[in-house]
2 protein chains.
Amino acid sequence: MPDIATIRVPADFEFEFPGASRSASEVAVNLARTQMAIIAEIERPPREAHGLSASAFQTLAILDGAGEPLPGHVIAERLLVSSASMTSLVDTLERRGLVERRPHPTDRRKVLIHLTPDAQRVVDQQLPAIHAVIAQAISTLPESDREHLLSSLTTIRARLSLLAGQPLPPAKARRRRRAESTDRSAR
Amino acid sequence: MPDIATIRVPADFEFEFPGASRSASEVAVNLARTQMAIIAEIERPPREAHGLSASAFQTLAILDGAGEPLPGHVIAERLLVSSASMTSLVDTLERRGLVERRPHPTDRRKVLIHLTPDAQRVVDQQLPAIHAVIAQAISTLPESDREHLLSSLTTIRARLSLLAGQPLPPAKARRRRRAESTDRSAR
DNA sequence: TATTGTTATACTCTATAACTATA
DNA sequence: TATAGTTATAGAGTATAACAATA
């Protein structure tokens, strides 16, 4: 049973990367791996393979969540893709009969994307399964730790939203250690 | 300044999705968003745009971390891609002069992938920048919370590695709420 | 027989640039 | 002018299946 220990970085990490923080990088690496493991479990077959890419399924989920048809540019912006990519995504979904394009009643520049009954079935089937997997994945974490975890994550996101508006600091040069053969792939 | 609050799911969430856990889904959603925000900050230009995809850069990082040339199938397995995809990835990197294929000295089935000096320069420049961004992103989280966070993440990963070996439980049906127009996109 | 890697094929995602239609 | 969307073009990533070479 691999991968059940906390991933650590080497003791000389902060020597090799001036400006880095060992504990911070450990948090980042473990965050990434945990997130990947959750995704993998959610997508593990047989998940009644809907055969949709993450972006395509997310498009359906966004439409379901909105509870009403949306114009393409709104979906594109929530999905963080370009308008041309959105066109192509909607093309794919339309080909599979999961969405329909219909003209906006008043603004003739816009095209409203509607979920079809087939798509609604896909979403209604997938969402409960996804949330059930998540419930199972987190089930061994006590409720009090969940609140603590949420608060730590929010602290990080708040800091990131500040950083996003600032210029990037110059990076300091890597200091090479003497040659050795230990595996440093965790970095 | 958007997105600095903990993302919550609606109060009737566990009614709508039997078998789901509200706090668990909140953890999963916030984990995903935090992870995305870290990636976005790491990739924020001008990051001396190396122009490499995530997989391509990770391939270089894996080779750098190993400290020695590796056969393709080893990289493929760490990267979680097929051997054919690995061939295509190495093709791309070779075209850009970042890796070289050389025959394995003893096992003639294998091809060892070597980093070129150019690639080493890319990695030596990117890794310190990445770890510096991470240090900044986590900087407002007290050291004791970092350990707590790591431990919670490991608890989740341990549970996931157990689940991965088990059959998927049947999902219960979604219960539709009365129609309303609130935005439920956080799900 | 099993392992390693490649080729062939196909599809999706993604982006930029140029364009049309509408507001 | 600005907004919404499409088309054209291009490149990358991904997978499966069939195959060759080697162990």
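Each chain gets a letter, A, B and so on, in the order the sequences are listed, and its residues count up from 1. Any value given below was found using the heavy atoms of this structure, including those in side chains, with hydrogens, waters and symmetry copies removed. Since we're looking at a predicted model, the values are computed, not measured.
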Margin query: Whether the side chain of B/N30 engages the backbone of B/E26 through a donor-acceptor N/O pair (distance < 3.5 Å, no angle test) should be reported.
Written below: yes
Atom [atom1] of [X] to atom [atom2] of [N]: distance rounded to whole Å?
| X | N | atom1 | atom2 | value |
| --- | --- | --- | --- | --- |
| B/K110 | C/dA2 | NZ | P | 17 Å |
| A/L112 | D/dA4 | CG | P | 12 Å |
| B/L52 | C/dT14 | CG | C1' | 16 Å |
| A/H104 | D/dT3 | NE2 | C1' | 13 Å |

Notebook entry, point to check: Has B/S55 got a side-chain N or O lying under 4.0 Å from the OP1 or OP2 atom of D/dT14?
Noted result: yes
Notebook entry, point to check: Are B/H73 and C/dG5 close enough that a side-chain N or O sits under 4.0 Å from OP1 or OP2?
Noted result: yes
Check: By salt bridge (charged side-chain N to carboxylate O under 4.0 Å, His left out), which residues pair with A/R175, not counting sequence neighbours?
Finding: none
pair [X]-[Y]: side-chain heavy atoms closer than 4.5 Å:
| X | Y | answer |
| --- | --- | --- |
| B/V74 | B/I62 | no |
| A/I39 | A/Q35 | yes |
| B/R8 | A/L150 | yes |

Check: When you check every protein heavy atom under 4.0 Å of nucleotides 18-23 of chain D, what one-letter string (B, S, -) results, 5' to 3'?
Finding: ----BS
Next item on the list: Would you mind telling me which residue lines up with the more 5' stretch of DNA chain C, A/A54 or B/L70, judged by nearest nucleotide?
Entry: B/L70
Item checked: Those residues of residues 79-99 of chain B lying under 4.0 Å from DNA chain C by at least one heavy atom -> B/S83, B/A84, B/T87
Check: Do you see a donor-acceptor pair shorter than 3.5 Å between the side chains of B/H73 and B/S83?
Finding: no
Note to self: Do B/R146 and A/S21 pair up side chain to side chain, a donor and an acceptor below 3.5 Å, judged on atom types alone?
What the structure shows: yes
Item checked: Straight-line distance of B/T154 OG1 to A/I4 CD1, nearest 0.5 Å -> 9.5 Å
